[in-house]
Amino acid sequence: MEINLKKIKAQALKDIQAIKDSKEWQKIEKKYFSRKSGELAKLLKDIKDVSEDLRPKLGALANEIKIEITNALAQKKADLDLQTESELEKDFIDVTLEIEKYKLGHLHPMTQVQYELEDIFKSMGFMILDGPELESDYYNFEALNIPSWHPARDMQDTFFIESKDKLVLRTHTSPVQVRAMQKYGAPFRGVVPGRCFRNEATDASHEHTFYQMEGLMIDKNISIANLIAVMKELLKGIFKRDVEVRLRPGYFPFVEPGFELDIKCLICGGKGCSVCKQTGWLELLPCGMVHPNVLKYGGIDPDKWSGFAFGLGTTRLVMMKYGIDDIRLLQSGDLRFLNQF
Ligand code: DAH
C-alpha cells in the first residue's frame, strides 16, 4: 500500500511537470482529484480496508502526498498563468494607435462640377439626359438647321468616320436636343452633360476633347426672360457669388435670336490673359430661342410651343472655377495636378 502511494506521487509529479497548458492542467487535476475516478480518491477508499494498526500511518502518508500533489499543481498553475500573461503582452495591440490610412481616390474635377450642375438643374425640374458620342451627320448638323452647304459647319470641324450613315464624333451636345424632342415631345426640360470632339490645334484653351452641358426647355409662351432667369440661377449656383456677365448677340443656326453670355475672366479679373485671349471676358454660355426649324425636326409644332436652349462649356467653367490656366492639364492624367481637387 505504502509503495503504491509513493508510486502515485512520483507519477503525479512527473505528470504535473509535463503540463504545457491549462487544458492539460485540468486533465491532470481531474486524473488525481476527481471525486469518483481520481487516483487519490481511489486510494483513500482503499485505506478504509487496511488493518486498523496500519491505517493511521497510511492515512497520514496519503494526506501528505495529497498536499504535495495539490501544491505542485498550484505551482504549475501559477507558472502557466505567468506564461499566458507574457504571451498576452507579446500580442498586445494598442487600439489607440493611429492606423495607416488608405489613400482613397476621388472624382475628377470635371465630374465634381458636372454633378453640381446636375443638382442645380434637377432642383429646377430638368431631367438629365445622355446621347451618343459617335453621332450621325443628321443629328449633329442637319436637324440643327445646319445643312451640308452651310458655312457654320466650318467652325465645327471634327473627326469623320468612314461609314454609309455618315458618322461623326459629335462636335457639341446640341444633337441631343432633337433626339429629346422626338422622344419626349413638349413640354420638356432637360440637360445633357457630355463629351464633345473637334479637330483643333490645341493650346491653353483648346482641346480636341472637351465637355459641354446642353440645356433645353420647351413649353407654352417661353421667352428670353425665362432664358435669362434660368441662366442667372445657374451662375449663382455654380459660383456662389456674383459674377459679372454680359449678353451680346451671337449666331447659331439652331437658335433665333441667339446670344453669347460671357462672364468676366476669373483668372485675370478682366485684365486680359492667355485663357481669355487678352479680352478680359470668356464666352461661357451661348444660348438662344430654339429655331422653329429645329422644333419641326423634333416633331414639335412651333406655332404652339416655344423654347430656349443653351450650350454650357463645362470644361471652361471648371477652369474658371478653379483657376486652371491650361485646358490640357485636365486630361493629362497627372496625379500631381488631380490631387489638388
Ligand atoms: N452647340 C454650340 C457649340 O458647341 C453651343 C450652343 C449655342 C448651344 C447656342 C445651344 C445654343 O444650345 O442655343 O458651339
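Both ligands and their constituent atoms are indexed starting at 1 by order of listing.
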Check each protein residue for a heavy atom under 4.0 Å from ligand 1 and list those that pass, ordered by chain and number.
Gln156, His172, Ser174, Gln177, Arg198, Gln212, Glu214, Phe252, Phe254, Val255, Pro286, Cys287, Gly288, Ala309, Phe310, Gly311
Evaluate whether atom OH of Tyr115 has more than 12 neighbouring non-hydrogen atoms of other residues, nucleotides or ligands under 6.0 angstrom away.
no
Strictly by side-chain hydrogen bond (donor to acceptor under 3.5 Å, both in side chains), give each pair with a member in residues 294-321 just once, sequence neighbours left out.
Glu116-Lys321
Closest non-hydrogen atoms of Gln156 and Phe141, given as atom of the first, atom of the second and distance, are O-CZ, 4.0 Å
Set of salt bridge (Lys or Arg N to Asp or Glu O under 4.0 Å) partners for Asp326, sequence neighbours left out:
Arg328
Kindly indicate whether a cation-pi arrangement holds for Arg170 with Phe197, taking the cut-offs as under 6.0 Å to the six-membered ring centre and within 45° of the axis.
no
Taking side-chain contact (heavy atoms from CB on, under 4.5 Å) as the definition, give me every residue that meets it alongside Lys264, ordered by chain and number, with sequence neighbours left out.
Glu244, Trp281
